[in-house]
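Side-chain atoms are counted along with the backbone in the values below, which use heavy atoms only and exclude waters and symmetry mates. Just so it is clear, the structure is predicted and the values come from calculations on it, not from any experiment.
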Amino acid sequence: MQWRALVLGLVLLRLGLHGVLWLVFGLGPSMGFYQRFPLSFGFQRLRAPDGPVSPALGSAGPSGPSWLQPPVPGAAAGRRRAPRRPGPGMCGPAHWGYVLGGRGRGPDEYEKRYSGAFPPQLRAQMRDLARGMFVFGYDNYMAHAFPQDELNPIHCRGRGPDRGDPSNLNINDVLGNYSLTLVDALDTLAIMGNSSEFQKAVKLVINTVSFDKDSTVQVFEATIRVLGSLLSAHRIITDSKQPFGDMTIKDYDNELLHMAHDLAVRLLPAFENTKTGIPYPRVNLKTGVPPDSNNETCTAGAGSLLVEFGILSRLLGDSTFEWVARRAVKALWNLRSNDTGLLGNVVNIQTGHWVGKQSGLGAGLDSFYEYLLKSYILFGEKEDLEMFNAAYRSIQNYLRRGREACNEGEGDPPLYVNVNMFSGQLMNTWIDSLQAFFPGLQVLIGDVEDAICLHAFYYAIWKRYGALPERYNWQLQAPDVLFYPLRPELVESTYLLYQATKNPFYLHVGMDILQSLEKYTKVKCGYATLHHVIDKSKEDRMESFFLSETCKYLYLLFDEENPVHKSGTKYMFTTEGHIVSVDKHLRESPWKEFFSEDGGQDQEGKSVPRPKSPELKVINSSSNVSGFLQRWFLCGRGENNTNWSFRVPDRRLVAHLDWVV
């Protein structure tokens with residue numbers, strides 16, 4: 001009898017605990033946002049709805065979160081509205097404490113942690129920590145790895161292309177035997193005000209880097225990491241205002257621009273002999289497209305070349321590079337679904353057939369959308385903005401699930417899922433870490449409230465693991481792919497959201513990210529990729545974007561007085577984080593008619609003539625900046641920010657942030 005009483009007592013105790021949790025944490029029938037996170041309170045696993053979804057989702061059931069439900073036709077038609085202004089009493093400290101406090105924790109504790117003014121001393125400390133992080137990685141690369149492409153920070157040695165295994169695309173797509181990390185880091189040195197090291201690094205690049213190499217590289221990676229950095233550094237050197245300090249180079253004769261031109265010419269064969277105008281994914285820098293080249297490429301890789309190629313064309317006065325990049329964008333755009341307006345993620349460059357029919361915001365598509373908008377910002381071509389607006393409408397109609405508003409209403413907050421490009425049907429229940437760039441892009445178009453919501457989702461995952469797993473399954477509430485290669489996307493969105501809102505919450509986010517990187521990824525000679533975000537085991541690799549993006553955005557987040565924010569010049573960052581001043585000269589296109597459908601060159605994929613390079617027509621950076629696109633500069637400074645200065649994620653989005661760690 002005693003053991004029966006004991007068992008009964010334990011059962012009643014467990015039921016009582018469940019009841020308390022149910023009441024205290026508000027886990028009522030609506031099951032808000034926080035239920036999606038790994039809080040193991042005994043609730044059953046989320047079930048998929050009735051309908052044609054991937055077999056991986058298991059058996060369907062009649063109920064489930066709204067993320068699993070197909071969007072209601074026409075429900076998203078009004079989502080591109082002007083941001084709502086907070087009403088009276090919505091933005092004060094008391095409201096902030098309630099919003100961040102949640103249930104089960106006192107509002108005062110959250111108010112103290114998240115909503116109080118971020119002290120100037122702490123901000124300076126975090127800025128210096130971010131600078132120190134960059135310096136530690138950069139100095140170790142120069143000491144142990146240069147002139148090789150990357151640093152192996154655990155064993156303190158360099159890494160170049162994997163000559164023994166040409167199929168090792170994870171390495172060979174990126175590393176071209178051209179001192180990648182040094183080249184990629186140039187403008188970070190300038191933004192941090194280190195003029196002596198910037199000048200030294202530029203001279204090293206000019207004197208030691210050559211693209212006449214038997215290296216087969218991915219066109220996309222070479223463009224965003226190398227070409228983009230050379231162009232950014234060239235414009236910093238030739239900027240008459242010199243906002244970052246004296247970054248001029250004695251006797252500089254546009255060498256970086258010449259190098260950018262040389263690299264771009266070597267990439268041009270990717271655009272030849274393709275029936276659609278969509279480029280091959282890889283080229284050999286000496287010999288052109290390999291004979292056994294793959295005819296399949298991802299949408300982002302082929303369609304995210306226009307910013308760098310366009311800048312080069314407009315600096316040189318040579319339309320070739322912009323034309324081939326713009327032709328690729330148009331070719332992809334014309335292959336979108338007639339029913340949904342969506343694009344897939346992998347396409348055959350000869351047939352135009354979609355090999356990968358998944359449409360989402362992450363790998364394979366991310367920077368395609370980003371560059372539609374940023375091309376318009378830089379070049380002012382209305383066609384780019386029209387494509388972006390149409391793409392954004394399709395994204396809202398078919399990818400966005402959950403309630404309409406971020407900070408109010410019933411049901412699940414917004415999330416962007418992966419769907420079939422033709423039907424809009426859910427294909428899987430994971431999102432990847434690259435998608436964390438999207439809140440930053442939403443900031444650029446003024447959709448700040450939605451950006452706040454999506455950013456909170458990714459930050460909660462970071463808080464859970466101290467990093468972002470490469471792929472996270474929001475139905476299973478666990479990572480699908482466990483590594484974290486020091487990616488910058490969440491940091492980028494955090495920085496842009498802070499610039500848009502001036503909300504110190506995002507400074508706390510940045511501090512959490514900084515401290516996690518220091519705690520879990522710092523090793524003997526740099527910062528290492530996390531092989532496993534749960535057990536924190538490491539891989540011996542520090543990718544170049546850690547210095548060119550992750551450290552840069554963290555530094556800018558805490559450096560309020562940086563010339564990027566104070567000089568009066570308007571800047572934009574490329575998809576690799578390279579800074580570009582928005583210059584009126586870049587918006588002058590002497591060949592506009594040349595880009596029309598009937599303009600001057602064959603659209604059937606015949607060979608594009610390679611430009612000759614003995615003489616370069618150079619247009620140097622100008623200090624004059626046109627006053628356009630004011631809504632994009634919502635992330636600018638001053639009075640424009642006051643309406644958003646205290647806007648925060650709502651309680652159900654943020655209250656769980658301490659629970660999941």
request  = With side-chain hydrogen bond (donor to acceptor under 3.5 Å, both in side chains) as the test, would you mind laying out the steps for Ser581 and Asp583 before giving the verdict?
outcome  = CA-CA 6 Å; Ser581 60; Asp583 193 309; 4.5 Å; no
ask   = With a 3.5 Å cut-off and no angle check, do the side chains of Thr575 and Glu370 form a donor-acceptor pair?
value = yes
Whether Phe309 and Phe271 hold their rings parallel, tilted or perpendicular, with breakpoints at 30° and 60° = tilted
request  = Say whether Glu197 and Tyr138, considering side chains only, have a donor N or O and an acceptor N or O under 3.5 Å apart.
outcome  = yes
message = Is the shortest side-chain heavy-atom distance between Arg326 and Phe379 below 4.5 Å?
response = yes
message = Check this for me: does any side-chain nitrogen of one of Glu543 and Arg225 sit under 4.0 Å from a carboxylate oxygen of the other?
response = yes
request  = On the 0 to 90° scale, with breaks at 30° and 60°, tag the Phe546-Tyr527 ring pair as parallel, tilted or perpendicular.
outcome  = tilted
ask   = Is the side chain of Gln242 donor-acceptor paired with the backbone N or O of Met247 at a distance under 3.5 Å, no angle test?
value = yes
key: Salt bridge Asp239-Arg235, side-chain N to carboxylate O under 4.0 Å   = no
request  = Verify, without hydrogens or angle tests, whether Ser493 (side chain) and Ala436 (backbone) share a donor-acceptor contact under 3.5 angstrom.
outcome  = yes
task = Could you please spell out the steps behind the ring-ring contact (aromatic ring centres under 6.0 Å, His included) verdict for Phe388 and Tyr369?
result = CA-CA 7 Å; Phe388 175 79; Tyr369 299 124; 7.9 Å; no
inquiry  = Taking the side chain as everything from C-beta on, heavy atoms only, tell me whether Ile236 gets closer than 4.5 Å to Ile579.
reply    = yes
key: Sole residue of Tyr553, Phe437, Trp462 in side-chain contact (heavy atoms from CB on, under 4.5 Å) with Leu490   = Trp462
request  = State whether Lys502 and Glu560 are salt-bridged, where the test is any N-O pair (Lys NZ or Arg NE/NH1/NH2 against Asp/Glu carboxylate O) under 4.0 Å.
outcome  = yes
key: Criterion side-chain hydrogen bond (donor to acceptor under 3.5 Å, both in side chains) on Asp450 and Tyr416, from CA distance to verdict   = CA-CA 11 Å; Asp450 230 35; Tyr416 293 84; 2.5 Å; yes
Parallel, tilted or perpendicular, as decided by the 30° and 60° cut-offs, for the rings of Tyr252 and His234 = tilted
inquiry  = I'd like to know if Lys552 pairs up with Asp187 as an ion pair, taking the criterion as any Lys NZ or Arg NE/NH1/NH2 lying under 4.0 Å from an Asp or Glu carboxylate oxygen.
reply    = yes
ask   = Can you check ring-ring contact (aromatic ring centres under 6.0 Å, His included) on Phe558 and His565, steps first, answer last?
value = CA-CA 11 Å; Phe558 295 106; His565 309 137; over 10 Å; no
query = In Å, rounded to the nearest 0.5 Å, how long is the span from CD1 of Ile513 to CG of Leu517?
reply = 7.5 Å
query = Side chains of Thr550 and Phe134: does their closest heavy-atom pair fall under 4.5 Å?
reply = no
ask   = Do Glu150 and Thr181 pass the side-chain hydrogen bond (donor to acceptor under 3.5 Å, both in side chains) test, and can you show the C-alpha distance, the side-chain angles, and the key distance before you say yes or no?
value = CA-CA 6 Å; Glu150 284 182 352; Thr181 296; 5.7 Å; no
ask   = Donor-acceptor pair, Arg314 side chain versus Asp318 backbone, under 3.5 Å?
value = no
inquiry  = Please tell me whether Ser304 and Ser367 have a donor and an acceptor in their side chains that are separated by less than 3.5 angstrom.
reply    = yes
Pair His578, Asp184: side-chain N/O donor-acceptor within cut-off below 3.5 Å = yes
task = Would you check if Glu383 and Lys330 make a side-chain contact, meaning some heavy-atom pair closer than 4.5 Å?
result = yes
request  = Using only heavy-atom distances, determine whether the side chains of His455 and Thr494 contain a donor-acceptor pair under 3.5 Å.
outcome  = yes
ask   = If you round to the nearest 0.5 Å, how far is CG of Asp366 from CG of Leu361?
value = 8.5 Å
remark   = CG (Leu256) and CG (Leu227) are apart, to the nearest 0.5 Å, by 11.5 Å
request  = Considering only NZ, NE, NH1 and NH2 on the basic side and carboxylate oxygens on the acidic side, decide whether Lys374 and Asp384 come within less than 4.0 Å.
outcome  = no
query = Atom CE in Met511, atom CZ in Arg123: separation rounded to 0.5 Å?
reply = 12.0 Å
